[in-house]
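Letters A, B, ... are given to chains in the order of the sequence lines, protein chains preceding strands, and every chain is numbered from 1. None of the values given here were measured: they were computed from a predicted structure.
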There are 2 protein chains.
Amino acid sequence: MKYIDKLRNSGLRPTKQRLQICKILFDVEKTFHFTINELDQKIKKQIGNKISLATIYNTVHAFEKKGYLKQIPINSNQAYFDTNVTDHHHFYDLKDEKLIDLENSDVGPINILKKINGKKIKSVEVLVKLED
Amino acid sequence: MKYIDKLRNSGLRPTKQRLQICKILFDVEKTFHFTINELDQKIKKQIGNKISLATIYNTVHAFEKKGYLKQIPINSNQAYFDTNVTDHHHFYDLKDEKLIDLENSDVGPINILKKINGKKIKSVEVLVKLED
DNA sequence: CACCTTTTTAGAATCATTATAAAGTAGATC
DNA sequence: GATCTACTTTATAATGATTCTAAAAAGGTG
């Protein structure tokens, strides 16, 4: 029920596929990071059936637009998404290609002094790359 | 001469193509941001002749590895490189898809409190996304 | 010059992502 | 619940950046 309302309130029809993806993404204790490919695997394993890749892309992008997911800026050959949409940062382990959350309190306040005319700040993201 | 030495000192043979790319990347007052595609265009325009795309990729990656370039972490369909390898940060204008330098002094010190066992910090990069 | 290694190159291959357009479904209206 | 319309899903093709391949070219050393 909760996801039906969530989707309806965002102007997204609560289709079977979207509800299944919601279940996988949001029906867990902890937030997590994923790629489209990893999500596809998870759907196959947990739901049994398969959802078309195009639908997965569509849904993830729709959720991102609605603010239910965010994309994490890293140089990778594929896009990483985060179910934690609160203001926080990341470690990126270059060797394992894994992301680790960095709480805001682990970084401290960041005050951007420079201003750009006519533009406003949408987000401030810190990426800390790790090596061995 | 200076680029010949620079390349030799890094264990890279100073080939015609590498020297031409050095000229374009480092023979200018200001540092700048570029994509492979933009670099390719610039080579065609400034040098006249064409360097194979594969060579441009190879060279840029070699220079990155040697620390003469760095890649900027943003979510884009293509990789952005920076000729400024000093410790600094970026604005990313989401509308224009343009990068703007953010000096360290415009951000202030960032102290990462969290430690990850067995890993050390290679870089700390701040990306500030801008919207209208 | 002769030799060996590194580099360049065109073109093919790869792989994530996006577009297409046909079939299916949700939700409103009667 | 039948009907209609707009929104979704889907398989598949298309795109586009990047990487691979393997043959030709060039650098460097003796």
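- Separating the CD atom of Q78(A) from the P atom of dA16(C) is a distance of 6 Å, rounded to the nearest angstrom.
- Rounded to an integer number of Å, the gap from Q20(A) CD to dT25(C) C1' is 14 Å.
- Of the listed nucleotides (dG28(D), dA11(D), dA16(C)), dG28(D) has the atom at the smallest distance from the side chain of P14(B).
- Computed from coordinates, the I43(A) CD1 to dT9(D) P distance equals 11 Å when rounded to whole Å.
- One finds no side-chain N or O of T55(A) lying less than 4.0 angstrom from the OP1 or OP2 phosphate oxygen of dT8(D).
- Within 6.0 Å of NZ in K16(B) there are 12 or fewer heavy atoms belonging to other residues, nucleotides or ligands.
- Atom CZ of R18(B) and atom P of dG27(D) are 11 Å apart (whole Å).
- Residue R13(B) places a side-chain atom within donor-acceptor reach of the base of dT5(C), judged by atom type and a 3.5 Å distance cut-off alone.
- Contact between the side-chain N/O atoms of Q17(A) and the OP1/OP2 oxygens of dT10(D) is found at a separation under 4.0 Å.
- In this structure, the nucleotide among dC7(D), dT9(D), dT19(D) sitting nearest to the side chain of T15(A) is dT9(D).
- In terms of modelled atom types and a separation under 3.5 Å, the side chain of N75(A) and the main chain of I72(B) share a donor-acceptor contact.
- A cation-pi contact, defined as under 6.0 Å to the ring centre and within 45° of the axis, is absent between K2(A) and F26(A).
- Regarding contacts with the backbone of dT18(C), a side-chain N or O of H61(A) is found under 4.0 angstrom from either OP1 or OP2.
- Atom-to-atom, CD1 of I56(A) to C1' of dT12(D) comes out at 16 Å; the value is rounded to the nearest Å.
- The NZ-P distance, from K16(B) to dG27(D), rounds to 9 Å in whole Å.
- Between the CD1 atom of I51(B) and the P atom of dG11(C) there is a distance of 17 Å, rounded to whole Å.
- Side-chain proximity of L12(B) to dT8(D), dT18(D), dT7(C): nearest is dT7(C).
- Going from atom CG of N9(B) over to atom C1' of dG28(D) covers 16 Å, rounded to whole Å.
- Here the side chain of Y57(B) is nearest to one of dA17(D), dA26(C), dG28(D), namely dA17(D).
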| request: Apply the test side-chain hydrogen bond (donor to acceptor under 3.5 Å, both in side chains) to residues S105(B) and E103(B): give CA-CA distance (whole Å), side-chain angles for both, the deciding distance (0.1 Å), then the verdict. | output: CA-CA 5 Å; S105(B) 57; E103(B) 293 312 318; 5.9 Å; no
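- Side-chain N/O atoms of R8(A) include one lying less than 4.0 angstrom from OP1 or OP2 on dG27(C).
- For the pair K119(B) and F91(A), the cation does not sit on the ring face, since its NZ or CZ is not both under 6.0 Å from the ring centre and inside 45° of the axis.
- Distance from the side chain of L53(B) is smallest for dT18(D) among the nucleotides dT18(D), dT8(D), dT5(C).
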